[in-house]
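A short write-up of the structure that comes next.
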There are 2 protein chains.
Amino acid sequence: MENKKTSIGNRRQAQKEDTRKIILESSRDLFNDLGFDKTSTRAIALRAGVGVGTVFSHFPDKLSLLIAVLLDDLTATQADVMKSMPEEVPVCDRFLHLARFFYIYYTKRPDLSRTLLKELWFVKGEWGEKLTTQAFEFVFLISDMLEQAKERDEIRPEADTLLCARAFFSHYLIVLYEGLNSPNIDVKTMLSTLEGLLEQLLTGVGQPQ
Amino acid sequence: MENKKTSIGNRRQAQKEDTRKIILESSRDLFNDLGFDKTSTRAIALRAGVGVGTVFSHFPDKLSLLIAVLLDDLTATQADVMKSMPEEVPVCDRFLHLARFFYIYYTKRPDLSRTLLKELWFVKGEWGEKLTTQAFEFVFLISDMLEQAKERDEIRPEADTLLCARAFFSHYLIVLYEGLNSPNIDVKTMLSTLEGLLEQLLTGVGQPQ
DNA sequence: CGGGATTTATGAACATGCTCATTAATTGAG
DNA sequence: CTCAATTAATGAGCATGTTCATAAATCCCG
């Protein structure tokens, strides 16, 4: 009763939020159980107990549903990473720590990850921008780590940390794509490949001078 | 008359090949004119003067049609690259030469390229393998170039040329993705970014020793 | 309360990728 | 040439993502 009274004036808003949440939960469950392609929007609506149209009045398309589901997790993952990030170790190790958490997350749900990463670069609309933003923040995070490493004289002062962060990111991605592509996904192998690429980048492959 | 006689015994085979070719040509035209999404398989069939089912008896799905169309071009592009490849210049320049040709090709048809590159890693089936093969050959090509450079003492003898080739490739791809994502695509900018990344990799960003 | 305005929910309808049972054409042995 | 077998072509039909006109629910002002 009191709850009803306190919520007077925004019952509609609360209802909408509830509907949104139940759609997201249904999507999450079905995506996890059946995979992205085999989950129909009708099934999502049915499980959520709403009409198909309702789903699309909350999310512009099916892909945005997946992004919404996974971005929640990825934000949480990033928080976990930061909490457990070791200090006072080489920047390479710090980056590998970062990569490990995400690789573990992605490889646990290869199908959904493939769908997400396929679209990473080219999704349009509100949810596409959120995804791109997440990727940018990832790069900036690496850039910060490199900046700190520079202050510790770990990397050369003349190095462009943002460019270097993009290099790290591109290696991180290529290893992720390769991993998700291979039938037997193994985070350890992925991380050791990534480590090799990073060491190569730190050392350089050209003849000095 | 004589033609007919000589082709006796494989009229069916020839017919099939003709049908295949006209389907491919229709696809190419429509993809170029309308883009991938706005080209329907019905439209392709109509333009080719065949039934919809015929299209799918020659190619497993719409995406394979796109791959078939673009792989032809990409093979030709690769041949052009090799013909005009400068010798006796730094490996970085040789790679930039390679990249230029492909960047030009991709940026001329951003929509189709986006669709192709989205699927690069994860396409299934016959045509997916052809695409993956093409990518592998690209990496091996770089690896060969690096091996030659090693013999010229241009890169360190202890460097792993295959790993280095993968690094080159990952930078090549990230720049391509970024380029295709940006509204104003500019091959020159892409190439200078790529050059920066390569120089960074050759020099190394860590402190020597 | 009353009732017009606004927001939210709905599912029939549409477009499209793709399948598959059926038909048509071609072949080659007798 | 005949005809059974093989291969190619076909399009109606299905499943599914998405739209949009309509209905239902909620709000808010007088």
Side-chain angles (χ1 to χ4, degrees), chain A residues 3-24 26-27 30-31 34-68 115 118-119 123-128, chain B residues 3-24 26-27 30-31 34-68 115 118-119 123-128:
Chain A
N3 278 341
K4 276 187 191 171
K5 296 235 166 185
T6 53
S7 65
I8 267 180
N10 56 353
R11 277 234 306 274
R12 202 139 64 177
Q13 192 180 328
Q15 271 288 349
K16 192 178 179 186
E17 191 55 28
D18 286 353
T19 308
R20 191 196 132 96
K21 272 179 187 155
I22 200 173
I23 289 173
L24 265 185
S26 307
S27 304
L30 288 172
F31 286 155
L34 311 174
F36 184 76
D37 287 340
K38 300 215 164 185
T39 298
S40 73
T41 54
R42 282 168 179 77
I44 292 172
L46 191 68
R47 180 168 185 128
V50 300
V52 217
T54 309
V55 173
F56 288 97
S57 75
H58 283 262
F59 297 90
D61 50 30
K62 190 183 168 189
L63 183 62
S64 295
L65 275 169
L66 181 70
I67 298 178
T115 309
K118 265 202 301 197
E119 309 288 339
V123 218
K124 307 261 173 183
E126 179 194 3
W127 288 95
Chain B
N3 278 338
K4 276 186 191 171
K5 296 234 165 186
T6 54
S7 64
I8 268 180
N10 56 354
R11 275 235 306 274
R12 202 138 63 177
Q13 191 180 329
Q15 271 288 350
K16 191 179 179 185
E17 191 55 30
D18 285 353
T19 308
R20 189 196 133 96
K21 272 180 188 155
I22 200 171
I23 289 173
L24 264 186
S26 306
S27 303
L30 287 172
F31 286 156
L34 310 175
F36 184 76
D37 287 338
K38 300 214 162 184
T39 298
S40 72
T41 52
R42 282 167 178 80
I44 292 173
L46 191 68
R47 180 168 184 129
V50 300
V52 215
T54 310
V55 173
F56 289 99
S57 75
H58 283 260
F59 297 90
D61 51 29
K62 191 183 167 188
L63 185 60
S64 295
L65 275 169
L66 181 70
I67 298 178
T115 308
K118 266 202 301 197
E119 310 288 339
V123 219
K124 307 262 174 182
E126 179 194 2
W127 288 96

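Lettering of chains follows the sequences in order, A, B, ..., and the numbering in each one begins at 1. FYI, side chains are in, hydrogens and waters are out, and symmetry mates aren't considered; it's all heavy atoms of this structure.
At the heavy-atom level, B/Ser40 lies under 4.0 Å from the strands shown only through sugar-phosphate atoms. Backbone-only contact: A/Thr39 has heavy atoms under 4.0 Å from sugar-phosphate atoms and none from a base.
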Do any N or O atoms of the protein come closer than 3.5 Å to N or O atoms of nucleotides 5-12 of chain C, and which pairs are they?
{"residue": "C/dT6", "atom": "O2", "partner": "A/Arg12", "partner atom": "NH1", "Å": "3.0"}
{"residue": "C/dT7", "atom": "O4'", "partner": "A/Arg12", "partner atom": "NH2", "Å": "3.3"}
{"residue": "C/dT8", "atom": "OP2", "partner": "A/Lys16", "partner atom": "NZ", "Å": "3.4"}
{"residue": "C/dA9", "atom": "OP1", "partner": "A/Thr19", "partner atom": "OG1", "Å": "2.8"}
{"residue": "C/dA9", "atom": "OP2", "partner": "A/His58", "partner atom": "NE2", "Å": "2.7"}
{"residue": "C/dT10", "atom": "OP2", "partner": "A/Gly51", "partner atom": "N", "Å": "2.9"}
{"residue": "C/dT10", "atom": "OP2", "partner": "A/Thr54", "partner atom": "OG1", "Å": "2.5"}
{"residue": "C/dG11", "atom": "N7", "partner": "A/Gly53", "partner atom": "N", "Å": "3.0"}

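Minimum heavy-atom separation, B/Ser27 to B/Ile44: OG-CG2, 3.5 Å. In terms of heavy-atom proximity, B/Ile67 sits nearest to B/Trp127 at CG2-O, 3.9 Å.
Spacing between atom CD of B/Glu119 and atom C1' of C/dG17 amounts to 14 Å, rounded to whole angstrom units. Between the CZ atom of B/Arg11 and the C1' atom of C/dA24 there is a distance of 14 Å, given to the nearest Å. Rounded to whole Å, atom P of D/dT16 lies 13 Å from atom CG of A/Leu46. Put simply, CD1 on B/Ile22 is 12 Å from P on D/dA9, counting in whole angstrom units. Regarding B/Arg20, its CZ atom lies at a distance of 19 Å from the P atom of D/dT7, rounded to whole Å. Here the P atom of nucleotide C/dT16 and the CG atom of B/Leu30 are 13 Å apart, to the nearest Å. Rounded to whole Å, atom P of C/dT19 lies 14 Å from atom NZ of B/Lys62. To the nearest angstrom, P of C/dA15 lies 18 Å from CD1 of B/Ile44.
With the end axes of the helix from C/dC1-D/dG30 to C/dG30-D/dC1 each set by five pairs, the angle from one to the other reads 10° at 10° resolution.
Scanning for side chain to side chain donor-acceptor pair (under 3.5 Å) contacts around A/Thr19 gives an empty result, with sequence neighbours left out.
Of the side-chain N and O atoms in A/Thr41, one or more sit less than 4.0 angstrom from OP1 or OP2 of D/dG17.
For residues 59-68 of chain A, every residue pair satisfying the side-chain hydrogen bond (donor to acceptor under 3.5 Å, both in side chains) rule, not counting sequence neighbours, is listed here: A/Asp61-A/Ser64. Residues in residues 35-53 of chain B take part in these side-chain hydrogen bond (donor to acceptor under 3.5 Å, both in side chains) pairs, two or more places apart or across chains: B/Asp29-B/Arg47.
In this structure, A/Phe31 CZ and A/Leu65 CG are separated by 5.5 Å, a value rounded to the nearest 0.5 Å. Put simply, CD on A/Glu17 and CG on A/Asn10 are 11.5 Å apart, with the number rounded to the nearest 0.5 Å. Note that CD of A/Gln15 is 6.0 Å distant from CG of A/Asp18, once rounded to the nearest 0.5 Å.
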Show me, pair by pair, the donor-acceptor contacts under 3.5 angstrom made by side chains of residues 50-59 of chain B, not counting sequence neighbours?
{"residue": "B/Thr54", "atom": "OG1", "partner": "B/Gly51", "partner atom": "O", "Å": "3.4"}
{"residue": "B/Ser57", "atom": "OG", "partner": "B/Thr54", "partner atom": "O", "Å": "2.9"}

